Amino acid sequence: MRGAWLCAMALGLLLLAANAATLATPVEAPPAFSARYDVRKAGLTLGHAELRFRRPAQDRYLYRLSVQPNRLAGLFYSSSVREMSIGHIQADGFRPDVYRYTRSGGNDDRRAELRFDWEAMRVVNDVADRPWRMAITPDTIDRVISPLQLMHDLAERDDGDDTLVYRIADGGQLKTYELRIGDTTQVDTPAGRFEALTVHRSDPDSDRVTTLWVAPALRYLAVQVEQREAGDRNFRMVLSRLNGLDGRR
């Protein structure tokens, strides 16, 4: 088993990018909340992912993701991953100022930081103290804040709109993703049963296909994520604990 599996699965929550705009009026962003997910394969729980969101000010956000393998997964992969995004809340959603990535605890430790310069329309990517610059578009976002952007876009979308297009700065590239909105179904998780809308995404760089189930009662928070890829590399994340969201849309 390759060590990247746990990080890749957690990134099923991080598949999107924002439609950030220059408008400064804050939207009704979610209240502070935290969510915990079990990462599973073949019926076994191999690790956990935790999301934490808070608002230091009315128009500011701080969002964190941490991914930790458990003892079973630790036989193959011992690294943990932490990601953080800090930025502004705007009329069209979330615009990052700084994104940080840390992988530690194994043989593949890594740190990276993205700094967004919106006046110059570029991002400074600092990996191993070797910064370089890349041009961005007004709707670019870092990958970790994308679950909140999806929640915003689904709440604001018009009836009949079944496609969302996103851009994300990731791995030194500006990637474009298309998401298709599907049917509504019931999803059972350790945190409860939810009516959920399905959202499908195909990876343009591989045969990986990801499906998210997002619950309108939880402001379209993902309650389940499934990732399928050739070679029996299929994983699922399910919501196991939620604090702070009250179900208001």
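Every value quoted in this text rests on a predicted model; they were computed, and no experiment measured them. All residue numbers in this chain count up from 1 along the given sequence.
Between the side chain of Tyr37 and the backbone N or O of Val223 there is no donor-acceptor pair closer than 3.5 Å. Without hydrogens or angle criteria, Asp153 side chain to Glu156 main chain gives no donor-acceptor distance under 3.5 Å. For Arg95 (side chain) and Pro138 (main-chain N/O), a donor-acceptor pair under 3.5 Å exists by modelled atom type. Checking side-chain atoms of Thr210 against main-chain N and O of Gln227 turns up no donor-acceptor pair under 3.5 Å.
To the nearest 0.5 angstrom, Thr189 atom OG1 is 9.5 Å from Leu242 atom CG. One distance of note links OG1 of Thr140 with NZ of Lys175; it measures 13.5 Å at 0.5 Å rounding. The structure places CG of Asn125 at 9.5 Å from OH of Tyr99, a figure rounded to the nearest 0.5 Å. Going from atom CE of Met237 over to atom CG of Asp38 covers 9.0 Å, rounded to the nearest 0.5 Å. Interatomic distance, Glu50 CD to Leu65 CG, rounded to the nearest 0.5 Å: 9.5 Å.
Criterion: ILVMFWY side-chain heavy atoms under 4.5 Å apart, direct or through other members. Under it, Val187 and Leu218 are part of a common hydrophobic cluster. Under the 4.5 Å side-chain contact rule for hydrophobic residues, Trp118 and Tyr166 share a cluster. Cluster membership for Val81 and Ile86, using ILVMFWY side-chain heavy atoms within less than 4.5 angstrom, is not shared. Note on Tyr63: it does not cluster hydrophobically with Met84, by side-chain heavy-atom contacts below 4.5 Å among ILVMFWY residues. By the rule that hydrophobic residues join a cluster once side-chain heavy atoms approach within less than 4.5 Å of another member, Ile168 and Met134 end up as members of one cluster.
Inter-residue side-chain proximity for Asp97 and His88 is flagged as met; some heavy-atom pair is nearer than 4.5 Å. Between Arg40 and Val238 the shortest side-chain heavy-atom distance falls below 4.5 Å. The side-chain heavy atoms of Thr198 and Val214, taken from C-beta on, include no pair separated by under 4.5 Å. At least one side-chain heavy atom of Gln224 sits under 4.5 Å from a side-chain heavy atom of Arg236. Side chains of Val98 and Ser85 form no contact here, defined as non-hydrogen atoms less than 4.5 Å apart. Taking the side chain as every heavy atom from C-beta outward, Leu221 and Met151 approach each other to under 4.5 Å. Side-chain contact between Pro96 and Tyr61 is present, with heavy atoms from C-beta onward closer than 4.5 Å. The shortest side-chain heavy-atom distance between Leu179 and Thr163 does not fall under the 4.5 Å cut-off.
Annotation: side chain to side chain contact (heavy atoms under 4.5 Å, CB included) contacts of Arg180 (sequence neighbours excluded): His200. Arg54 meets the salt bridge (Lys or Arg N to Asp or Glu O under 4.0 Å) test with no other residue; sequence neighbours excluded. When the salt bridge (Lys or Arg N to Asp or Glu O under 4.0 Å) test is applied to Asp162, no partner is found at least two apart in sequence or on another chain. For the salt bridge (Lys or Arg N to Asp or Glu O under 4.0 Å) test, no residue two or more places apart in sequence or in another chain qualifies with Arg82. Listed by chain and number, the residues in a side chain to side chain contact (heavy atoms under 4.5 Å, CB included) with Glu195 are Thr184, Gln186 (sequence neighbours excluded). Residues satisfying the salt bridge (Lys or Arg N to Asp or Glu O under 4.0 Å) criterion with Arg110, sequence neighbours excluded, are absent altogether.
Heavy-atom minimum distance, Leu174 versus Ala135: CD2-O, 4.3 Å. Here the closest heavy-atom approach between residue Phe116 and residue Ile141 is recorded as CZ-C, 4.3 Å. The shortest non-hydrogen separation linking Ser240 to Pro190 is CA-CB, 3.9 Å. Closest approach of Ala222 to Leu212, counting heavy atoms only: CB-CD2, 4.3 Å.
Salt bridge status for Glu83 with Arg143: present, with a side-chain N to carboxylate O gap under 4.0 Å. Salt-bridge annotation for Arg111 and Glu113: absent, with no side-chain N of the basic residue lying under 4.0 Å from a carboxylate O of the acidic one.
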- Item | Criterion side chain to side chain contact (heavy atoms under 4.5 Å, CB included) on Leu164 and Leu154, from CA distance to verdict | CA-CA 9 Å; Leu164 295 170; Leu154 290 176; 4.1 Å; yes
- Asp117 vs Val123, side chain to side chain contact (heavy atoms under 4.5 Å, CB included): CA-CA, chis, key distance, verdict: CA-CA 6 Å; Asp117 184 344; Val123 61; over 6 Å; no
- Pair Ser66-Ser80, side chain to side chain contact (heavy atoms under 4.5 Å, CB included): steps then yes or no: CA-CA 7 Å; Ser66 62; Ser80 60; over 6 Å; no
- Query: Arg103 and Asp109: salt bridge (charged side-chain N to carboxylate O under 4.0 Å, His left out), yes or no, with the steps?
  - Reply: CA-CA 5 Å; Arg103 184 172 63 213; Asp109 290 2; over 6 Å; no
- Task: Start with the C-alpha gap between Tyr177 and Val165, add the side-chain angles, then the distance that decides, and say whether side chain to side chain contact (heavy atoms under 4.5 Å, CB included) holds.
- Result: CA-CA 6 Å; Tyr177 298 101; Val165 178; over 6 Å; no
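Between Ile89 and the choices His152, Gln58, Arg55, Arg60, the side chain to side chain contact (heavy atoms under 4.5 Å, CB included) rule is met once, by Arg55.
Within 6.0 Å of the CZ atom in Arg36, the count of heavy atoms belonging to other residues, nucleotides or ligands exceeds 12. Heavy atoms of other residues, nucleotides or ligands lying less than 6.0 angstrom from CZ of Arg157 number more than 12. Under a cut-off of 6.0 angstrom, the local environment of CG in Asp183 is sparse, with at most 12 non-hydrogen atoms contributed by other residues, nucleotides or ligands.
The aromatic rings of Phe33 and Phe53 are tilted relative to each other, their planes meeting at an angle between 30° and 60°.
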